[in-house]
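Everything on this sheet refers to the single structure shown next.
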Amino acid sequence: QVQLVESGGGAVQAGGSLRLSCAASGRLFSIYAMGWYRQAPGKQRELVATITSGGNTNYADSVKGRFTVSRGDAKNTLYLQMNSLKPEDTAVYYCNAAIQASSSLGHYPYWGRGTQVTVSS
């Protein structure tokens with residue numbers, strides 16, 4: 001069983017910073033890419049940033065230059081450093097990972113339950 005748990009969300013004023021964390025646990029034979037997605041009220045879930053096992057990163061245009069995605073040394077932890085936050089960054093942020101639970105299985109996507117980020121003006 002694989003589990004992703006996010007932490008670090010909260011309320012902050014515009015211009016502030018937050019750091020989100022995501023820890024993967026359980027059967028983790030291999031983790032390929034990990035990423036952050038977000039969903040604001042009334043909107044579809046959208047990609048924020050991803051990072052592969054090789055360290056290649058990809059960002060949504062709306063967060064480039066403000067957010068930084070990284071993985072911990074153990075590779076089962078994901079971070080999102082969010083600076084210069086804007087009210088439009090308000091959303092539930094979800095951790096996603098492509099995980100191979102055993103050598104006989106392929107990589108499947110797993111999701112955390114999300115953490116709320118609220119940015120006030």
### Message
Contact between Ile99 and Met34 at the side-chain level, heavy atoms closer than 4.5 Å - yes or no?
### Response
no

### Message
How close do Ala24 and Ile31 get, counting heavy atoms only, and between which atoms?
### Response
CB-CD1, 4.2 Å

### Message
Ignoring hydrogens, what is the shortest heavy-atom contact between Arg71 and Tyr32? Give both atom names and the distance.
### Response
NH1-O, 2.7 Å

### Query
Is Tyr37 reachable from Leu4 through a run of I, L, V, M, F, W or Y residues, each pair having side-chain heavy atoms under 4.5 Å apart?
no

### Query
Backbone N or O of Val119 within a donor-acceptor pair of the Thr90 side chain at under 3.5 Å?
yes

### Query
Hey, are the side chains of Val63 and Arg38 touching, using non-hydrogen atoms and a 4.5 Å cut-off?
yes

### Query
Between Val12 and Trp36, is there a shared hydrophobic cluster once you connect ILVMFWY residues whose side-chain heavy atoms come closer than 4.5 Å?
yes

### Task
Quick one: closest heavy-atom pair of Tyr93 and Leu20, and the distance?
CB-CD1, 3.6 Å

### Message
For Phe29 versus Ser103, what's the shortest heavy-atom pair and its separation?
### Response
CZ-CB, 3.6 Å

### Query
Which pair of non-hydrogen atoms, one from Arg27 and one from Ser102, has the smallest distance, and what is that distance?
NH2-CB, 3.4 Å

### Query
What is the minimum heavy-atom distance between Pro87 and Ala14, and which atoms define it?
CD-CB, 4.1 Å

### Query
Are Phe67 and Val92 connected in a single hydrophobic cluster, I mean Ile/Leu/Val/Met/Phe/Trp/Tyr linked by side-chain heavy atoms less than 4.5 Å apart?
no

### Message
Just verifying a value: how many Å separate Asn76 CG and Ser30 OG, rounded to the nearest 0.5 Å?
### Response
12.0 Å

### Task
Identify, with sequence neighbours excluded, every residue that meets side chain to side chain contact (heavy atoms under 4.5 Å, CB included) alongside Thr68.
Tyr59, Gln81

### Query
Any side-chain hydrogen bond (donor to acceptor under 3.5 Å, both in side chains) pairs touching residues 2-22, not counting sequence neighbours?
Ser17-Asn83

### Message
Quick check: do Leu78 and Val69 have side-chain heavy atoms less than 4.5 Å from each other?
### Response
yes

### Query
When you check the gap from the basic side-chain N to the acidic O, do Lys86 and Asp89 get nearer than 4.0 Å?
no

### Heavy-atom check, side chain of Cys95 versus side chain of Trp111, under 4.5 Å
no

